Amino acid sequence: MTRLTDLLLPTERQPPADAEALSHKLMVRAGLVRQVGAGLWSWLPAGWRVHQKVVQIVREEMDAIGAQEMLMPLITPAELWQRSGRYAIPELFKLKDRKGADLILALSHEETLTFHVAAAVQSYRDLPKLLYHFQTKGRDEARPRAGVLRTREFIMKDAYSFDRDEDGLQISYEKYAGAYDRVFDRCGLEWYSVQSDVGMMGGSGAHEYMAPCPAGENDVALAPGYAANVEVAGAEAPPAPPLPDSISGELHTPGASTIDALAQSLGVHPGCLLKAFPVVTESRGLVTLFLRGDHRVQEVKLANALGEEFRPAQADELEAAGLVGGFMGPREGVPAIYDAAVTPGRYVVGANRVDWHEVIEVGAGERLDFRRVESGDTVDGRTIRVEPAIEVGNIFKLGVRYSEPLRATYLDEAGRERLMVMGSYGIGPARIAAAAVEQFADERGISWPRAIAPWDVHVVALGRAGEESRAAAEALTAELEAGGLAVLLDDRDAGTGEKLTDAELLGVPLRLVVGKRSLESGVVEAQARRGSEDLEPVALDGAAEAVARLWRGLP
RNA sequence: CGGGGAGUGGCGCAGUCUGGUAGCGCACCCGGCUGGGGGCCGGGCGGUCGCAGGUUCAAAUCCUGUCUCCCCGACCA
């Protein structure tokens with residue numbers, strides 16, 4: 001039993017002035033978390049209970065697939081990271097000890113675990129190995145944001161798999177994927193897994209687990225049977241209306257240096273225009289990308305499509321090539337690449353002269369897909385919608401990205417030395433908590449899924465200290481606890497409104513109100529936090545069982 | 001890193017333009033009333049006005065520097 005009079009639960013009537021995201025506001029208001037610095041948060045007792053609930057669910061599902069829990073240090077010798085090549089990451093916290101030795105704060109633990117497994121495992125007989133831990137991560141984020149959604153220090157469950165080959169990795173990957181499905185289901189979240197970008201570091205496959213909500217940092221493209229991060233999603237765009245024949249040749253377009261202005265002055269759909277996006281790459285030099293005026297470049301897709309990194313061209317480079325900002329178009333000597341949604345036909349492009357555009361005929365040449373998909377696009381005839389989501393977990397086929405530099409090898413049956421094939425699998429418990437707040441909160445506050453609520457039942461004892469209702473609430477609480485429920489008892493000497501309002505803010509799934517009015521009939525009032533209708537009152541006689549039953553029926 | 005905004009009691013804010021020694025609501029403490037939706041009355045506690053320097057008889061207010069935090073973007077292995 002937790003008595004509210006013992007608990008540090010600093011609820012606030014007003015959200016912090018600088019909070020933007022709903023989960024940020026509510027988690028602070030409900031007394032779950034407090035900020036220490038930018039991206040640095042303390043978990044107060046009630047919030048930590050939620051975090052621990054999530055951790056326990058994750059732990060159980062990891063154990064269930066045969067993964068073994070361990071613990072590796074946050075502070076790590078820099079040398080391991082120098083070997084893996086990750087020492088240069090800007091987000092990496094770097095420090096020195098008193099002897100001047102270089103150390104880092106691990107932002108994940110591939111290096112450390114690969115180091116251990118490389119030393120401990122020599123034979124194919126010892127593979128596969130599935131391992132995980134919950135450990136603090138340090139990440140010097142350029143921009144921490146939205147309360148606990150993006151922080152510079154946080155606890156992550158990071159898991160790893162070591163296999164002898166790709167086939168083995170596939171099996172391990174599927175085990176973790178299954179465990180993840182169960183974790184997010186059990187946490188009561190609305191979620192889906194999406195294909196994700198494997199990044200420049202390579203890797204042969206990756207999925208992200210996404211919890212849709214407005215505060216999400218990722219945009220996800222969804223259609224029946226299809227889900228992908230917009231960083232990789234590809235789709236068919238609805239065709240743009242044809243450019244009227246009346247518009248042709250050279251066009252005097254004074255001041256129309258933006259797509260909107262140009263489309264408006266010509267009276268045509270923005271899709272009839274081509275937008276130019278000049279970039280420079282290592283192997284190609286300056287290239288101009290063209291996509292429909294109503295489309296946007298998706299930079300991750302672009303890098304993948306190009307097969308190399310790129311940067312926007314600089315003003316002097318444009319000038320040297322004769323490209324004119326605001327009126328840019330194809331030009332002799334500058335390679336042009338068209339987006340896949342630019343179907344052959346007539347388009348308005350810049351004439352590379354200030355205040356002039358022209359109509360060109362685009363043929364059926366080579367295309368790359370580098371535009372961002374938009375709501376209304378289709379995949380195999382199914383309409384896509386794009387929505388924001390929080391990334392709550394990811395699974396990633398690493399391959400030999402770490403086993404190679406860190407020499408994690410084993411001997412196969414033939415005595416040949418071979419590289420272990422790895423996977424990594426992350427979950428952020430804090431993000432799961434924040435996502436649950438985002439997804440289920442209403443105007444009164446948080447509404448926890450049963451599985452991760454800080455307590456199972458919130459007993460509100462009305463009346464003054466010493467009154468009969470207080471004693472009844474105490475007795476009821478003890479009985480519920482004996483029956484296996486975790487109960488928060490509001491035993492404060494506060495007004496009814498304050499107690500009920502705080503209960504709704506905190507969001508425990510089942511609330512029981514003990515007051516003299518209902519006690520006269522030998523019952524307490526029950527209300528589910530989610531859904532507004534009162535449940536049937538619960539008779540004090542046999543309450544433990546009845547309440548447990550009610551609780552089991554909640555979401 | 002670029003753009004924008006903000007630092008005044010635990011929280012939310014006013015005061016800054018026009019310099020005169022800090023105020024409001026909530027919270028908190030004491031007393032009393034009330035006791036099923038943040039109730040009422042009375043009395044209180046609490047602030048180096050982010051920090052440093054400067055101007056001035058006098059600085060929350062003007063000047064210079066600096067730190068911190070938030071939002072948008074970039075970045076996010």
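Everything quoted here is computed from the prediction, not taken from an experiment. A note on names: the letters A, B, ... follow the listed sequences, proteins ahead of strands, and every chain is numbered from 1.
With a cut-off of 3.5 Å on both pairing distances, U48(B) has no Watson-Crick or G-U wobble partner at all. Taking a pair to require two hydrogen-bonding distances under 3.5 Å in either a Watson-Crick or a G-U wobble arrangement, G35(B) remains unpaired. The pairing partner recorded for G73(B) is C1(B), the criterion being a Watson-Crick or G-U wobble arrangement whose two distances lie under 3.5 angstrom. A 3.5 Å limit on both hydrogen-bonding distances identifies no Watson-Crick or G-U partner for A60(B).
Separating the CE atom of M27(A) from the C1' atom of C11(B) is a distance of 19 Å, rounded to the nearest angstrom. Between the CG atom of D18(A) and the C1' atom of G5(B) there is a distance of 11 Å, given to the nearest Å. Here the P atom of nucleotide G73(B) and the CG atom of D219(A) are 10 Å apart, to the nearest Å. Rounded to whole Å, atom C1' of C69(B) lies 11 Å from atom NE2 of H24(A).
At the heavy-atom level, P144(A) lies under 4.0 Å from the strands shown only through sugar-phosphate atoms. As judged by a 4.0 angstrom heavy-atom cut-off over every strand, R143(A) is placed among the base-contacting residues.
A heavy atom closer than 4.0 Å to some atom of RNA chain B occurs in no member of residues 421-433 of chain A.
Rounded to whole Å, the separation between the C1' atoms of A22(B) and A74(B) comes to 42 Å.
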How would nucleotides 45-52 of chain B be written as a contact map, 5' to 3', with B for base contact, S for sugar-phosphate-only contact and - for no contact, using protein heavy atoms under 4.0 Å?
--------

Walk along nucleotides 25-40 of chain B from 5' to 3' and tag each nucleotide B, S or - by protein heavy-atom contact under 4.0 Å, base first, then sugar-phosphate.
BS--------BBBB--

